[in-house]
Amino acid sequence: MAHAAGVIFRQPSVIPGFGLALGFTLIYLSAIVLIPLLALVVKSAGLGWSDFWRLATDARTLAALRLSFGAALVAAMINAVFGLLLAWVLVRYRFPGRRLIDAFIDLPFALPTAVAGIALTALYAPNGWVGQFLAPLGLKVAYTPLGVIVALTFVSLPFIVRTVEPVLAEIDRELEEASATLGATRLQTVSKVVLPSLLPALMTGFALALARAVGEYGSVIFIAGNIPYVSEIAPLLIVIRLEEFNYGAATAVAAVMLAISFSMLLLINLIQAWSRRRFGHGA
Amino acid sequence: MDISIENIRKEFERFPALHDVSLDIRSGELIALLGPSGSGKTTLLRLIAGLEFLTSGRILFGNEDASHKSVQERNVGFVFQHYALFKHMTVADNVGFGLRVRPRSQRPSRAEIRRRAEELLELVQLPGLGKRFPAQLSGGQRQRVALARALAIEPRVLLLDEPFGALDAKVRRELRRWLRELHERTGHTTVFVTHDQEEAMELADRVVVMSNGKIEQVGSADDIYDAPASPFVFSFIGASNALRVHVEAGRVYLDDRPLELPRTNLPDGPARLYLRPHDLEVSRDEAGSIPGVISAVRRTSGARLIELEIGGRRDRLEIELPAEQSHRLNGRLAVRPRKWQLYRDDECRLAS
Ligand SMILES: Nc1ncnc2c1ncn2[C@@H]1O[C@H](COP(=O)(O)OP(=O)(O)OP(=O)(O)O)[C@@H](O)[C@H]1O
Ligand SMILES: [Mg+2]
């Protein structure tokens, strides 16, 4: 654990190879993650502050960023609820077809996102299987921000289910029994005992889902319709700027995305570290 | 609260974990369920709590039939072996949980709940630890928090499943004494499970000895030790020897030689003589006593343990003699029992 007074490395442990492992980790992380990110920062720094600010606060850029992060947040929240429900059903009940459902959950992982995008568009287009029933209700999904949310919800589902599932399976049955002997109804047991124990895992899943949704490109561009100011996501805007050879604008959008994503993940990690210290969950 | 358990049976997917168990628990009593692993102690405790449901039989709380009541309705305090504390709540919140989840009309005010939690923590000798989280307590402390939490709901009966099982020997002994004192102070009807006979004997008013899903005997420590109702109880409690003998017309024969024992009313046929090592004394005369060949002698702190081989059949007899006894300790030795129990052979085979 790093102490407040400064960085203190772990005491030498009985497991050998710490130095080697740390060295490798740092080099690997640098090559794969840090250097590309650094290049991005350097490149956008080359723009100069006022140029950068102008590009970053351009109305179209702001609309795209708002859609990207807003839709990702909504999708992650939807999945936090329904992914949790799915995990609950898969862990707590035995029913025929359970394994099949279990396998389906991973499909968004495995499917090329373009395939998912085309499939969703076909479903939700005004004349699609689902879209034709929604259209009379005045509900348009494809080619609207709603479509973006649908696509992001689809691709980020497995993250919540798969992080919550093992933790839920590990929850001691005795905790729930203790709660029941103390007079708690089933609802009270779930809300006061089970859910709080799941919260750290749920937050991890939420962070992963959010990160995935923010970065999603392939499936969204098919269903979104990509109307500037309305249903155009930030990653697409970057691509558009690149195609215009407007590298400065592309890096500005990218740098803003990076900054927002990083702060969100940092915040979630801080909350988790705090809850771990408090409740002694995990490590 | 008196609790009557009437002819209960519990099956898990056709596997009978308890058959035909009956037991009366008197109000204010401290009862131990003692038995080897898998004998059904936990199952019986969970049935009383309502955490499992009966296959058949009845459980009465006072005069009311509780068999079909839910756990919540039964109002029992249950303490789990591994504490089952809520990790995300402070110690005080854990203790107050049972009060906080009450329906609004019966729920005490926040201040009142806090005061009660403090009071209970004092009762279990953990004053001032209310703000800690369970992860910041030792095992013994956690177990006491679990007990305080169970007591908070003013349970009709307190049920403890191997409450000290996960603690080291010293803490166990301390907590044991402390639990006895607490029981005397609060007077809760209490049932606790243990497979430590010393714990059962020391702590309980009455001990229930269980084996294979049945109750073998219910009684005080004296009853269980001095008048074991079955060969199982005899051999489960304390050290014991069993000798194969034969009964004919009320006399007991060892290898066709009569033993100098009072007449028994056991029917003719094979039987077993159960003896405790310290209830045997050296006899000068082989006639009427148990002769054998010494095969090993060991010295323990207060005694000398002698192993005797009886007859050609290799029955072994362990004898505990005072350390200062200076008999010739090799070759042949004859012993005579001061106390013994005689059981029919078929009873013994059932028990083993
Ligand atoms: N949920 C269950 N499903 C199936 N069988 C069970 C279940 N619970 C207990 N049993 C069986 O019932 C029998 C009695 O179990 P129980 O847990 O009551 O034993 P115990 O006396 O508490 O043992 P221990 O001292 O090891 O805790 C055992 O054979 C066990 O395998
Ligand atoms: Mg048990």
Side-chain angles (χ1 to χ4, degrees), chain A residues 1 3 80 84 87-88 91-95 163-164 166-206 268-283, chain B residues 42 45-46 48-52 69-91 93-104 106-107 131-137 142 145-161:
Chain A
M1 190 185 287
H3 289 252
L84 178 65
W88 185 278
V91 170
R92 292 299 173 100
Y93 303 102
R94 293 288 168 270
F95 52 91
T163 41
V164 170
V167 180
L168 185 59
E170 285 296 300
I171 286 188
D172 205 344
R173 190 178 57 149
E174 287 186 353
L175 284 181
E176 289 168 61
E177 289 178 346
S179 169
T181 60
L182 292 168
T185 61
R186 190 66 197 142
L187 199 65
Q188 286 172 320
T189 298
V190 170
S191 66
K192 289 176 197 282
V193 174
V194 181
L195 287 185
S197 320
L198 284 181
L199 207 58
L202 195 61
M203 256 164 32
T204 307
F206 183 81
I268 289 171
N269 265 306
L270 285 176
I271 296 175
Q272 275 177 331
W274 170 81
S275 89
R276 189 153 44 231
R277 246 200 325 281
R278 238 183 114 168
F279 310 137
H281 283 301
Chain B
T42 299
L45 205 67
R46 291 170 60 85
I48 298 174
L51 291 169
E52 305 278 358
K69 291 209 161 160
S70 69
V71 208
Q72 287 91 348
E73 290 169 317
R74 289 197 200 187
N75 193 229
V76 295
F78 202 102
V79 176
F80 294 85
Q81 180 175 358
H82 297 288
Y83 330 125
L85 293 179
F86 308 129
K87 282 198 279 239
H88 59 280
M89 290 180 204
T90 62
V91 165
D93 284 346
N94 264 282
V95 175
F97 184 84
L99 300 175
R100 280 206 314 282
V101 296
R102 283 192 184 166
R104 184 150 308 179
Q106 299 159 35
R107 195 187 311 160
K131 291 218 166 51
R132 296 231 193 137
F133 283 90
Q136 300 164 323
L137 299 179
R142 283 181 213 181
V145 173
L147 192 64
R149 183 178 67 177
L151 289 173
I153 59 168
E154 287 158 28
R156 295 198 279 186
V157 54
L158 192 57
L159 307 169
L160 306 104
D161 193 359

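Only heavy atoms go into these numbers, but all of them, side chains included; no hydrogens, no water, no symmetry mates. Letters A, B, ... are given to chains in the order of the sequence lines, protein chains preceding strands, and every chain is numbered from 1.
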Answer whether the closest heavy-atom distance between the side chains of B/Phe97 and A/Val193 falls below 4.5 Å.
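When only atoms from C-beta onward are counted, A/Val193 and B/Phe97 do touch, with a gap below 4.5 Å.
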Other residues, nucleotides and ligands only: do more than 12 of their heavy atoms fall within 6.0 Å of [atom1] on [X]?
X	atom1	value
A/Tyr93	OH	no
B/Gln106	CD	yes
A/Arg94	CZ	yes
A/Leu270	CG	yes

Closest approach of A/Thr185 and B/Gln72, non-hydrogen atoms and distance?
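Smallest interatomic distance, heavy atoms only, reads CA-NE2, 4.0 Å.
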Heavy-atom pair of closest approach, residues B/Ile153 and A/Leu182:
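So the two residues come closest at CG2-O, 3.8 Å.
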Return the CZ to CZ distance between A/Arg173 and B/Phe80, rounded to the nearest 0.5 Å.
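That separation rounds to 8.5 Å.
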State the CD-CG distance between A/Glu176 and B/Leu51, to the nearest 0.5 angstrom.
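Nearest 0.5 Å value for the CD-CG distance: 11.5 Å.
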Residue B/Leu159 versus chain A: region with a heavy atom under 4.5 Å
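Neither part.
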Using non-hydrogen atoms only, which part of B/Arg149 is less than 4.5 Å away from chain A: side chain, backbone, both, or neither?
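For B/Arg149, backbone and side chain are both near chain A.
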Leading residue by heavy atom contact count with chain A [cutoff under 4.5 Å; candidates B/Pro103, B/Pro155, B/Ala84, B/Gly98]:
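Most pairs with chain A among the choices: B/Ala84.
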Looking only at atom types and distance, does a side-chain atom of B/His88 sit under 3.5 Å from a main-chain N or O of A/Lys192, one as donor and one as acceptor?
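Judged by distance alone, yes, a pair lies under 3.5 Å.
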Do any N or O atoms from the side chain of A/Gln188 and from the backbone of B/Val101 form a donor-acceptor pair under 3.5 angstrom?
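At least one qualifying donor-acceptor pair exists.
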